[in-house]
Participant: 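Encoded as structure tokens, here's the structure I'll be asking about.
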Amino acid sequence: MKAQILNEETGPSGLTLNDVPDPVPNDDQVLVDVKSCGVCFPDLLMSQGKYQLKVPVPFTPGTEVAGVVARAPAGSGFSVGDRVQVMSIVGGFAEKVVAAPDQLLRIPPELSFDEGAAMGINLQTAIFALKTRANLQPGETVGVLGSAGGVGVATIQVAKAMGARVIAIVHRKGAEDLLRSVGADEVVQLEDGWGAKIKELTGSGVDVLIDPVGGEVFDEALRQVAPDGRFVVIGFAAGGIPTVKLNRVLFRNISVVGAAWGEYVRTHPALPAQLHEDLTAMVADGMRPPVNVTYSLDQLPQALDDLANGKILGKAVVKISE
């Protein structure tokens with residue numbers, strides 16, 4: 001089979017497309033023919049050696065697989081021909097992958113394989129942040145930083161499906177149509193005076209603010225959380241790790257909470273399946289994970305470069321096979 005191999009942790013340039021032996025599942029594993037694989041920030045970090053999970057090189061990255069079961073052990077709950085997502089962690093940017101049955105989730109029948117791949121970590125992270133960590137309630141207002149990225153778009157969709165009003169906060173020009181198409185009620189450009197615009201739209205601020213960005217916008221963003229609100233930290237895509245001025249937290253009675261989906265899953269392994277039930281219901285009600293750009297398997301280094309350089313609006317997917 002063909003697979004992208006990371007030979008050195010130098011970023012996307014460390015990848016090469018190789019012919020390698022097909023993986024051989026053990027008696028307890030499922031073999032999946034890969035159709036599509038999502039492109040996400042952990043893939044980029046792994047290529048740079050910066051992800052919290054260290055995998056010795058050489059290896060095949062790829063965490064968001066959608067495909068078809070080619071072989072399944074008895075008692076696994078899956079059969080040949082089943083359409084599945086695979087939370088593979090690694091191995092997805094290849095024509096075949098093996099995984100334990102508990103890493104598999106069924107793709108809703110309404111979705112294509114590309115959409116199934118786009119239903120992976122970003123949507124899981126979004127619903128984990130909003131439901132599990134922020135306890136979002138219908139009618140509350142959610143502000144989303146980094147809203148034109150994969151996690152941002154997923155957060156807008158899930159927040160709308162949960163009955164929230166959503167304010168998308170974005171620094172990239174030309175994203176407004178996309179953001180409104182996935183459910184944003186308001187779009188605010190991240191520039192001088194953006195905090196005042198949030199206050200103008202809300203009065204006292206947002207009930208929940210989702211931050212996958214970090215960096216220099218943190219202080220201003222914290223000011224935009226209403227009393228009794230929740231500031232949810234998802235990551236630090238901007239690179240800088242900010243510090244919290246606790247007087248603001250104390251006197252305004254707000255909460256700052258972390259939402260590290262991957263770390264939570266390590267100690268709560270049933271979580272992805274539980275959240276997938278909620279996401280599947282949202283899909284049945286009409287939500288569709290948007291696929292904004294697709295690449296071929298040989299174009300994976302370009303896809304990761306584009307992700308690193310902020311050229312991808314929304315979600316990118318690598319198409320492995322038809």
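When a residue number appears, it is its place in the shown sequence, counting from 1.
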Participant: Is there a side-chain contact between Leu123 and Val158, using heavy atoms and a 4.5 Å cut-off?
Facilitator: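 In short, these two side chains touch, coming nearer than 4.5 Å.
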Participant: Given 3.5 Å as the limit, does a donor-acceptor pair link the side chain of Asp211 with the main chain of Val213, or not?
Facilitator: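 It does hold such a pair.
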Participant: Checking Arg83 side chain against Arg106 main chain: does a donor-acceptor pair fall under 3.5 Å?
Facilitator: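 No, because the side chain of Arg83 does not come within donor-acceptor range (under 3.5 Å) of the backbone of Arg106.
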Participant: When you check the gap from the basic side-chain N to the acidic O, do Glu95 and Lys35 get nearer than 4.0 Å?
Facilitator: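 Between Lys35 and Glu95 there is no salt bridge, as every charged N stays at least 4.0 Å from the carboxylate O atoms.
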Participant: Compare every heavy atom of Cys40 with every heavy atom of Thr63, then report the nearest pair and how far apart it is.
Facilitator: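 For Thr63 versus Cys40, the nearest heavy atoms are OG1-SG, 3.1 Å.
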Participant: Under the 3.5 angstrom rule, does the side chain of Ser147 hit a backbone N or O of Ile169 as a donor-acceptor pair?
Facilitator: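 Looks like yes, one N/O pair under 3.5 Å.
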Participant: Any link between Val34 and Val68 through a network of hydrophobic side chains (Ile, Leu, Val, Met, Phe, Trp, Tyr) touching at under 4.5 Å?
Facilitator: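 Val34 and Val68: separate clusters.
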Participant: Looking at CE of Met1 and CG of Asp22, how far apart are the two atoms once the value is rounded to the nearest 0.5 Å?
Facilitator: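 The CG atom of Asp22 is 6.0 Å from CE of Met1, to the nearest 0.5 Å.
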Participant: Could you report the tightest heavy-atom contact between Ala168 and Leu179, atom names first, then the distance?
Facilitator: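 Of all heavy-atom pairs spanning Ala168 and Leu179, the closest is CB-CD1, 3.9 Å.
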Participant: Under 3.5 Å, side chain of Ser296 to main-chain N/O of Ile320, donor-acceptor pair present?
Facilitator: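 Checking the backbone N and O of Ile320 against the side chain of Ser296, no donor-acceptor pair under 3.5 Å is found.
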Participant: How long is the straight-line distance from CD1 of Ile312 back to CG of Asn292, given to the nearest 0.5 Å?
Facilitator: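 The CD1 atom of Ile312 is 9.0 Å from CG of Asn292, to the nearest 0.5 Å.
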Participant: Say whether, by atom type as modelled, one donor and one acceptor occur between the side chain of Glu263 and the main chain of Trp261 under 3.5 angstrom.
Facilitator: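 No; judged by distance alone, with no hydrogens or angles, the pair does not exist.
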Participant: Under 3.5 Å, is there a donor-acceptor pair between the side chain of Arg71 and the main chain of Ser79?
Facilitator: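 Judged by distance alone, no pair lies under 3.5 Å.
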Participant: Answer with yes or no whether the side chains of Tyr295 and Asp306 bring together a donor and an acceptor at under 3.5 Å.
Facilitator: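 Checked: Asp306/Tyr295 side chains pair up, N/O donor to acceptor below 3.5 Å.
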Participant: Do side-chain atoms of Thr132 reach the backbone of Ala129 as a donor and acceptor pair under 3.5 angstrom?
Facilitator: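 Side chain of Thr132 to backbone of Ala129, a donor-acceptor pair under 3.5 Å: no, none is there.
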Participant: Please check if the side chain of Ser255 supplies one atom and the backbone of Val257 the other of a donor-acceptor pair under 3.5 Å.
Facilitator: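 Not at all, since once roles are kept as given, no pair shorter than 3.5 Å links the two residues.
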Participant: To the nearest 0.5 angstrom, please state how far the CD atom of Gln85 sits from the CD1 atom of Ile121.
Facilitator: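 Interatomic distance, Gln85 CD to Ile121 CD1, rounded to 0.5 Å: 10.5 Å.
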Participant: Step through the shown structure and confirm whether more than 12 heavy atoms of other residues, nucleotides or ligands are within 6.0 Å of NZ on Lys199.
Facilitator: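 Enclosed.
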Participant: With the 4.5 Å side-chain cut-off for hydrophobic clustering, are Val65 and Tyr51 part of the same group?
Facilitator: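 Yes.
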Participant: For the pair Gln103 (side chain) and Met87 (backbone), establish whether a donor and an acceptor sit closer than 3.5 Å, ignoring hydrogens and angles.
Facilitator: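 Side chain of Gln103 to backbone of Met87: a pair is present.
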Participant: Could you tell me whether the side chains of Asn122 and Gln124 share a donor-acceptor contact shorter than 3.5 Å?
Facilitator: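 No donor-acceptor contact under 3.5 Å links the two side chains.
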Participant: With hydrophobic residues grouped by side-chain heavy-atom distances under 4.5 Å, do Val291 and Val293 end up in a single group?
Facilitator: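 No, Val291 and Val293 fall in different hydrophobic clusters.
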Participant: Evaluate the ring planes of Phe231 and Phe218, with Trp represented by its six-membered ring, and classify them as parallel (under 30°), tilted (30 to 60°) or perpendicular (over 60°).
Facilitator: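 Judged by the thresholds at 30° and 60°, the geometry between Phe231 and Phe218 is perpendicular.
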Participant: So does Arg230 pair up with Asp207, basic N to acidic O under 4.0 Å?
Facilitator: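 Salt bridge: no.
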Participant: Mind listing the closest non-hydrogen atom pair of Leu31 and Lys96 along with its distance?
Facilitator: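 Where Leu31 meets Lys96 most closely, the heavy atoms are CD1-CB, 4.2 Å.
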Participant: Side chains of Glu277 and Thr280: any donor to acceptor distance under 3.5 Å?
Facilitator: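 Judged by distance alone, the side chains do not pair up.
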Participant: When rounded to the nearest 0.5 angstrom, what is the spacing between CG in Leu300 and CG in Leu6?
Facilitator: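 Between atom CG of Leu300 and atom CG of Leu6 there are 9.5 Å.
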Participant: Quick one: CD on Glu9 to CZ on Phe59, what's the gap to the nearest 0.5 Å?
Facilitator: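 These two atoms lie 6.5 Å from each other.
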Participant: Would you give the length of the straight line joining atom CG of Leu297 to atom CZ of Phe93, rounded to the nearest 0.5 angstrom?
Facilitator: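 Nearest 0.5 Å value for the CG-CZ distance: 8.5 Å.
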Participant: Name the one of Val142, Val206, Thr202 that satisfies side-chain contact (heavy atoms from CB on, under 4.5 Å) with Arg165?
Facilitator: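 Single pass found, and it is Thr202.
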Participant: Please tell me whether Asp114 and Ser112 have a donor and an acceptor in their side chains that are separated by less than 3.5 angstrom.
Facilitator: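 Looking only at side-chain atoms, Ser112 and Asp114 do not form any donor-acceptor pair under 3.5 Å.
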Participant: Below 4.0 angstrom, N of the basic side chain to O of the carboxylate: do Lys160 and Asp185 qualify?
Facilitator: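 A salt bridge is present here (some side-chain N lies under 4.0 Å from a carboxylate O).
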Participant: What are the two closest non-hydrogen atoms of Ala273 and Leu105, and how far apart are they?
Facilitator: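 Here Ala273 and Leu105 meet closest at CA-CD2, 3.8 Å.
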Participant: How close do Leu111 and Met119 get, counting heavy atoms only, and between which atoms?
Facilitator: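 Smallest heavy-atom distance, with atoms named: CD1-SD, 3.6 Å.
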Participant: Do Ser36 side-chain atoms and Lys319 backbone N/O form a donor-acceptor pair below 3.5 Å?
Facilitator: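 Not confirmed, Ser36 side chain does not pair with Lys319 backbone.
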Participant: Are Lys315 and Glu115 close enough for a salt bridge, meaning some N to O gap below 4.0 Å?
Facilitator: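 Looking at Glu115 together with Lys315, the answer is no, because their closest N to O distance does not fall below 4.0 Å.
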Participant: Could you give me the CA-CA distance, side-chain angles and deciding distance for Ile234 and Ile210, then say whether side-chain contact (heavy atoms from CB on, under 4.5 Å) is met?
Facilitator: CA-CA 7 Å; Ile234 291 181; Ile210 302 295; 3.2 Å; yes
Participant: Ile107 and Gly116: which non-hydrogen atoms are nearest, and at how many Å?
Facilitator: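 Looking at all heavy atoms of both residues, the shortest contact is CG2-CA, 4.2 Å.
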Participant: Between Ile167 and Val188, is any pair of side-chain heavy atoms under 4.5 Å apart?
Facilitator: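 In short, these two side chains touch, coming nearer than 4.5 Å.
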